[in-house]
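No experiment lies behind these values; they were computed from the predicted model shown.
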Amino acid sequence: MGAPFNSAGITGGVANAPMRLREAGLLNALRARRADVRDLGDVDVGPPRRFRDPESGLLTQESLIAATTSVHAAVVACLAAGEFPLVLGGDCAVLLGALRGAQDALCDAALVFVDGHEDAWPPHRSATGRAADCELGLALSGADGLPAELSVRVPTLDPTRIVALGPRDDMELRSAGVASIGSTIALLPDRDLRGKAAVPTDIAVGRFHRRGVAWWLHVDLDVLSAEAMPAVDYPQPGGLDWPDLTAITAAATRSGCAGMTSTTYNPDLDADGRHARRIVGYLADVLSVTPEMA
């Protein structure tokens with residue numbers, strides 16, 4: 001399913017990612033490996049509005065509510081049908097509805113969070129107000145001022161129910177005086193993953209599996225280096241390469257994985273579509289065998 005939500009409050013950029021990935025052949029590539037793939041189309045993300053709510057601190061909050069509600073409902077329906085949902089963002093804020101949907105459908109769900117950023121800014125401290133700066137922080141600790149129709153769709157995460165792989169924005173956080181969540185959750189930066197990414201992923205999901213807890217896999221493509229994936233809004237020094245990300249994803253989509261979000265590809269930065277084709281190849285490879293969710 002596509003979730004063409006951009007928490008910057010615009011209709012372009014990452015909001016066009018689901019459409020461009022379909023145009024790049026995603027469905028045919030997936031169906032060549034799995035005949036039972038179906039396309040649910042795009043969920044409703046509401047009209048964007050570049051207004052920052054004074055209480056929550058979040059930009060385009062009405063659209064965020066619509067997107068979170070729609071993704072939640074679609075994920076719940078997929079899991080109830082025994083399917084493996086792949087949610088194509090848009091930006092990272094689509095994780096809120098997806099993870100809460102998995103938690104509601106399965107009674108519990110942990111999170112494997114693969115991202116170049118921690119995404120745990122307090123909304124009022126975020127320079128942009130984008131929910132994509134904040135979604136993991138909201139899931140871990142909530143936020144004051146969230147309206148009821150959003151707070152009921154925000155997932156709740158115990159710190160022991162999450163592993164974050166690849167964040168490398170620690171210097172930015174320190175310079176802004178924002179505390180890292182690395183002291184409260186299991187977090188491995190990019191430098192600890194290069195060339196051996198499958199091992200810590202196996203350890204993390206093995207721990208969830210032994211506890212009998214399903215998990216959601218979230219992949220923000222800015223976990224990759226700017227050389228490997230320049231078509232993202234917030235490139236940083238460092239990062240993983242495609243083999244590292246493929247190893248992580250393959251390890252994380254073993255039996256017990258409830259579903260996956262793939263986010264933050266910006267087609268506006270990919271004039272010839274080559275990065276869209278690379279994403280399509282990656283998704284087809286790692287999802288050629290998806291877990292049974294019966």
Revision key, fill the gap. The salt bridge (charged side-chain N to carboxylate O under 4.0 Å, His left out) partners of Asp190 (sequence neighbours excluded) come to Arg194
Point to revise | Non-neighbouring partners of Ser126 that pass side-chain contact (heavy atoms from CB on, under 4.5 Å), sequence neighbours left out | key: Arg52, Trp121, Thr128, Asp133, Cys134
Point to revise | Residues in side-chain contact (heavy atoms from CB on, under 4.5 Å) contact with Asp170, at least two apart in sequence or another chain | key: Arg174
Study note, to complete from the structure: salt bridge (Lys or Arg N to Asp or Glu O under 4.0 Å) pairs touching residues 88-97, sequence neighbours excluded, are Asp91-Arg130
Review point. Which pairs with one or both residues in residues 57-66 pass salt bridge (Lys or Arg N to Asp or Glu O under 4.0 Å), sequence neighbours excluded?
Key: Arg49-Glu62
Check your understanding: Does Asn16 have any side-chain hydrogen bond (donor to acceptor under 3.5 Å, both in side chains) partners at least two apart in sequence or in another chain, and if so, which?
Key -> none
Practice item. Salt-bridge test for Asp42 and Arg22: reply yes if a basic N is under 4.0 Å from a carboxylate O, no otherwise. Key: yes
Practice item. Could you note down all residue pairs passing side chain to side chain donor-acceptor pair (under 3.5 Å) where residues 201-216 supplies at least one of them, sequence neighbours left out? Key: Trp216-Thr261
Check your understanding: Do the charged groups of Arg100 and Asp104 touch, with an N to O distance under 4.0 Å?
Key -> yes
Study note, to complete from the structure: Sequence neighbours excluded, the answer for ring-ring contact (aromatic ring centres under 6.0 Å, His included) partners of Phe113 is His218
Review point. Considering residues at least two apart in sequence or located in another chain, which fulfil the side-chain contact (heavy atoms from CB on, under 4.5 Å) criterion with Val223?
Key: Val114, Leu240, Leu245
Exercise for review: Can you sort out the partners of Ala228 under side-chain contact (heavy atoms from CB on, under 4.5 Å), two or more places apart, ordered by chain and number?
Suggested key: Leu224, Ser225, Trp242
Exercise answer: donor-acceptor pairs, residues 147-155 side-chain atoms, under 3.5 Å, sequence neighbours excluded:
unit_1: Ser151; atom_1: OG; unit_2: Pro147; atom_2: O; d: 3.4
unit_1: Ser151; atom_1: OG; unit_2: Ala148; atom_2: O; d: 3.2

Check your understanding: What salt bridge (Lys or Arg N to Asp or Glu O under 4.0 Å) pairs are there with at least one residue in residues 217-230, not counting sequence neighbours?
Key -> none
